[in-house]
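When a residue number appears, it is its place in the shown sequence, counting from 1.
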Amino acid sequence: MTSGPPEPYIGPRPFRRAESALFHGRPVEARRLKDMWLSERVVVLHGPAAVGKTSLLHAGVLPLLENEPHALVLPVGRLIHQPTWPLAHASGPGGYRFTLVSSWTPAGQTPDPGQPVGSALQSIVEATPRRRVLAAIDHLEELFTAFPARLAERERLVGELAEAMRDLPLNLLLVVRDDQLATLSGYEGLLGPQPFTYVRLEGLDRAAAVAAVTGPLSGSGRRYAAGVAEQLVDRLRTTSYTDRLGESVELVSERVSPFELQIACAALWASLESTDDTITAEQLARFGDLAGILAAYFDRTVHDVGVETGVAEAELRAWIETTFITERGTRGTAYRGLTQTGDMPNAVVDALVARHILTEEQRARSLWYQLGQERLVEAVRTANRAFHGPLVGGDRRERSPADFRAAAEAALGEGNFVSARRFADVAADRFLEAGDDRQFANLLTFKAEVARVEGDLESAKETLTAARSQFESQQDTLATVRVLTALAEVCLSMGRPDEAVDLGRQAVSRMPGDVASRTVLAHALWRAGSPADAEATYNDALDLDRDAPRALYGRGRVRISLRNYRGALADLDRALSLGLPRAEEDQARQSRQEALTALNPPRET
C-alpha cells in the first residue's frame with residue numbers, strides 16, 4: 001500500500017493538546033467543563049476507563065482557555081511514576097508531591113523535593129497578575145491504587161493541597177476513574193468548605209460518534225459515502241451476547257466508546273489504498289470484531305517495527321509484555337535513556353510511539369513510556385499467546401541488573417534521588433561483574449541525568465564525560481554523539497555556551513546527518529550570541545528533516561530575536577501542530593504570543 005493523506009485518527013491513546021483540530025464530538029462537554037473550572041474551586045471529572053477524560057481535558061478544554069485573560073492555566077499534573085518491576089518499596093517522603101509539582105513547574109526549573117505544594121505553587125504564580133490559577137491533576141486514581149501502602153504520604157499530599165486552596169486563588173480540576181470516585185469523595189470536607197462539583201463523562205451518543213468519525217476527515221481529500229459513517233457507529237454500538245443455553249442475542253448500546261471508535265477508524269483508514277477518496281460500505285464490511293481488530297493492530301505493528309528496526313519479532317513481543325505490563329496486569333512504564341529504553345534501542349520506542357502502541361510523557365524533566373491504553377494490556381497478551389513465539393529474556397523477577405536499573409528509574413520518577421543513585425550504583429556494579437560494558441556506560445548516562453535533575457551540574461558533566469570515554473572505546477558513534485549533545489545541554493545550563501558550541505560541533509562532525517545534534521548546536525550558537533549562525537544551523541537541521549518540531553521551535557525563537565516575526569509564527573505554529581514536549585510546548589506558546597504582539601502592538605489609549 002502506497003502512502004496517502006496524513007492519518008486523521010490517533011489510534012489507541014489520548015489526544016494531545018496540539019491535536020485539537022482532530023478532536024470532534026465533545027464541544028458541549030468541553031465548554032461546560034471549561035466554565036465550571038473557571039467558576040468552581042474543586043471540579044471532579046469522572047467516568048469509566050478509556051471514556052476520553054484525558055482527551056477532553058487536553059484537546060477540548062485547554063485550547064478554549066488559551067487566551068483566557070484572567071486565569072493562569074498550569075500544565076496538567078500527574079502524581080506517580082509506577083515502575084514495572086518495583087524493588088524500592090521504601091519511597092522518599094515526597095514522591096507524590098515531587099511528581100505533581102514537577103508537572104506544574106515551568107520549563108527549565110527543577111522543584112525542591114522537600115517544598116510543600118502550596119509554597120511551590122506560590123513561587124510559580126507570584127509573578128502573574130491574573131486572578132485565578134487553574135490546576136488539573138489527571139489520573140487521580142493513581143493516588144489510591146498504585147501504592148496503597150503509602151497512606152501517610154497520600155494524607156500529607158491532600159493536606160498540602162487543602163492548605164494551598166486556603167492560601168491561593170486556586171481552582172482544582174481532578175480527573176478520576178469511576179471506580180475510585182467514592183474514595184475521593186471521602187476527602188471532600190478536607191479540601192475546602194465548598195462541596196465538590198461533579199461532572200460525569202459518558203461515551204459518545206450516536207450523533208457525537210458520527211461527528212468524531214467524519215470530522216477528522218476535513219481537509220484530507222477523503223469522505224465517507226452516504227450512510228457509511230452511521231453504519232460504522234452502529235456497529236460499534238452493537239455487541240453479541242451468548243447465554244448459558246448457547247442462544248445469542250445482539251445488544252445495542254446508546255453510547256460508543258471513544259477508544260473503540262479510534263481503534264476501528266484507524267484500522268479502517270490503514271486498509272485504504274492511496275487512490276481511495278471515498279470510504280464505502282464494501283470497505284467497512286471487511287472488518288471483523290473489535291477485540292480482533294485491536295489484537296490484529298498490535299500484530300501488524302510488531303511485524304512492521306521488527307522489519308523497520310531489525311529486532312526479531314519474538315524478542316520485540318517479549319520486551320513489550322515484560323516491560324510495559326506489570327505482574328498485576330496493569331500498565332508499567334519505562335524511562336528513556338540517551339540511546340536505550342529498557343534493553344531496546346530508542347529507535348524501537350520511537351517506532352512504537354509513532355504507531356500509537358506506546359505513549360510518552362515528560363516527568364521530572366525526563367521521558368517515560370507506557371502502553372497507550374489499558375485495553376492494550378489484554379490485546380498484547382492475547383496476540384502474544386497466539387503468536388507461539390518464545391519469550392526472550394525469561395523471568396526478570398530474579399533481581400537481575402536490569403531490575404535494579406528499573407528500580408533506579410522508578411525512584412527518579414518519584415523524585416527519590418537517594419534511592420535512584422543507590423539502585424543505579426548496584427545496577428552498574430552488576431553490569432560490570434557480568435562484563436556488560438555497554439549497559440554499564442548506559443548506567444553512567446542515567447546517573448548523570450539524576451545529578452542533572454537534582455541540579456548538581458558539575459557531577460552530571462563529570463559522569464557524562466566518563467560515559468563518553470566508555471562509548472568511544474566501544475566505537476559506538478551514535479551513543480557518543482548522544483552523550484556529546486547531552487554534555488552541550490549541561491554546559492548551557494551551567495552558563496558556558498562557548499563550551500556547548502564546541503561540543504555540539506564535535507557531535508555534528510561525527511554524525512553530520514543527525515538532526516538532534518544540529519538542533520543542540522544551533523541552540524548553543526544562539527546562546528553564545530550568534531543568532532544568524534544559529535538560524536543557518538537550524539536551516540541545516542530542517543533540510544535533513546523538514547518536520548523536526550524542536551528545530552522548528554528553536555528557529556522560531558531565533559527569528560524573534562532577528563525580528564522576523566512572520567517567519568517565527570510560521571515555525572512555531574508548525575512545531576505546535578507536530579507536537580512538542582510539555583515544557584517546550586508551553587515556551588513555544590509564549591514565544592508565539594510574543595511574535596503576535598510584535599506584529600500587532602496594542603494601541604495606546
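A salt bridge links R13 and E19; the closest N-O separation between the charged side-chain nitrogens and carboxylate oxygens is under 4.0 Å. Using a cut-off of 4.0 Å between Lys/Arg side-chain N and Asp/Glu carboxylate O, R452 and E454 are scored as not salt-bridged. Salt-bridge formation is detected for the pair D350/R336: a Lys NZ or Arg NE/NH1/NH2 atom is positioned less than 4.0 Å from an Asp or Glu carboxylate oxygen. For R17 and E66, the salt-bridge test passes: some basic side-chain N is under 4.0 Å from an acidic carboxylate O. Salt-bridge annotation for D571 and R557: absent, with no side-chain N of the basic residue lying under 4.0 Å from a carboxylate O of the acidic one. Residues R156 and E153 are not paired through a salt bridge, judged by the lack of any N-O separation under 4.0 Å between the basic side chain and the carboxylate. Between D138 and K53 there is no salt bridge, since no side-chain nitrogen of the basic residue lies less than 4.0 Å from a carboxylate oxygen of the acidic one.
Enclosure of atom CZ in R200 by more than 12 non-hydrogen atoms of other residues, nucleotides or ligands within 6.0 angstrom is indicated. Under a cut-off of 6.0 angstrom, the local environment of CZ in R16 is crowded, with over 12 non-hydrogen atoms contributed by other residues, nucleotides or ligands.
Note: E155 CD to L190 CG = 8.0 Å, rounded to the nearest 0.5 Å. Distance check: L173 CG to L134 CG gives 9.0 Å after rounding to the nearest 0.5 Å. Remark: S253 OG to D205 CG distance equals 10.5 Å, nearest 0.5 Å. Put simply, OG1 on T238 and CG on L251 are 9.0 Å apart, with the number rounded to the nearest 0.5 Å. Atom CD of Q180 and atom CG of L174 lie 13.5 Å apart (nearest 0.5 Å). The distance from atom CG of L121 to atom CG of D167, rounded to the nearest 0.5 Å, is 10.5 Å.
Counting heavy atoms from C-beta on, the side chains of L204 and L261 come closer than 4.5 Å. Residues V176 and L143 are not in side-chain contact: their nearest non-hydrogen atoms beyond the backbone lie 4.5 Å or more apart. Two residues are said to be in side-chain contact when any heavy atoms from C-beta on lie closer than 4.5 Å; H24 and V213 fail this criterion. Two residues are said to be in side-chain contact when any heavy atoms from C-beta on lie closer than 4.5 Å; E409 and F446 meet this criterion. Side-chain contact between L65 and L38 is present, with at least one heavy-atom pair separated by less than 4.5 Å. Annotation: side chain of R132 is not in contact with side chain of W37 (no heavy-atom distance under 4.5 Å). Counting heavy atoms from C-beta outward, R235 and Q231 have side chains that stay 4.5 Å or more apart. Within the 4.5 Å cutoff, side-chain heavy atoms of E29 are placed close to those of L201.
Residues P75 and W104 share a closest heavy-atom pair of O-CD1, 2.9 Å. Closest approach of E141 to V175, counting heavy atoms only: OE1-O, 4.0 Å. Smallest separation of non-hydrogen atoms from P63 and S20: CG-CB, 3.8 Å. Across all their heavy atoms, T99 and L79 have their closest contact at CB-O, 3.3 Å. For the residue pair V101 and A120, the shortest heavy atom distance occurs at CG1-CB, 3.5 Å. Scanning both residues, I263 and P12, for their nearest heavy atoms gives CD1-CB, 3.3 Å.
Looking at E360, its side chain never comes within 3.5 Å of a backbone N or O of Y369 through a donor-acceptor pair. Distance alone, capped at 3.5 Å, is enough to place a donor-acceptor pair between the E188 side chain and the F196 backbone. In terms of modelled atom types and a separation under 3.5 Å, the side chain of R41 and the main chain of L170 share a donor-acceptor contact. When atom types are taken as modelled, the side chain of S55 and the backbone of F15 share a donor-acceptor pair closer than 3.5 angstrom. Looking at S591, its side chain never comes within 3.5 Å of a backbone N or O of A588 through a donor-acceptor pair. S577 places a side-chain N or O within 3.5 Å of a backbone atom of R574 that can act as its donor or acceptor partner. Side-chain atoms of R255 come within 3.5 Å of backbone N or O of G203 as a donor-acceptor pair.
In this structure, a donor-acceptor pair under 3.5 Å is present between the side chains of S185 and Y198. Donor-acceptor pairing under 3.5 Å is lacking for the side chains of E68 and H70. Between the side chains of E142 and Y96, no donor-acceptor pair is found at a separation under 3.5 Å.
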| task | Dump the intermediate steps for salt bridge (charged side-chain N to carboxylate O under 4.0 Å, His left out) on R237 and D234, then the final yes or no. | result | CA-CA 5 Å; R237 294 169 58 214; D234 288 339; 2.8 Å; yes

| Steps toward side chain to side chain contact (heavy atoms under 4.5 Å, CB included) verdict (F324, T333) | CA-CA 6 Å; F324 297 104; T333 51; 5.9 Å; no

| request: Could you go through the side chain to side chain contact (heavy atoms under 4.5 Å, CB included) check for V133 and L74 one step at a time? | output: CA-CA 7 Å; V133 178; L74 300 181; 4.0 Å; yes

| task | Just do the side chain to side chain contact (heavy atoms under 4.5 Å, CB included) check on H46 and V199 with the steps written out, would you? | result | CA-CA 6 Å; H46 63 101; V199 180; 5.7 Å; no

| message | Between R154 and Y187, is the side chain to side chain contact (heavy atoms under 4.5 Å, CB included) condition met? List the steps. | response | CA-CA 11 Å; R154 180 199 312 168; Y187 292 94; 3.3 Å; yes

| request: Kindly determine whether Y553 and Q587 satisfy side chain to side chain donor-acceptor pair (under 3.5 Å), including the steps that lead there. | output: CA-CA 9 Å; Y553 157 67; Q587 287 191 336; 2.6 Å; yes

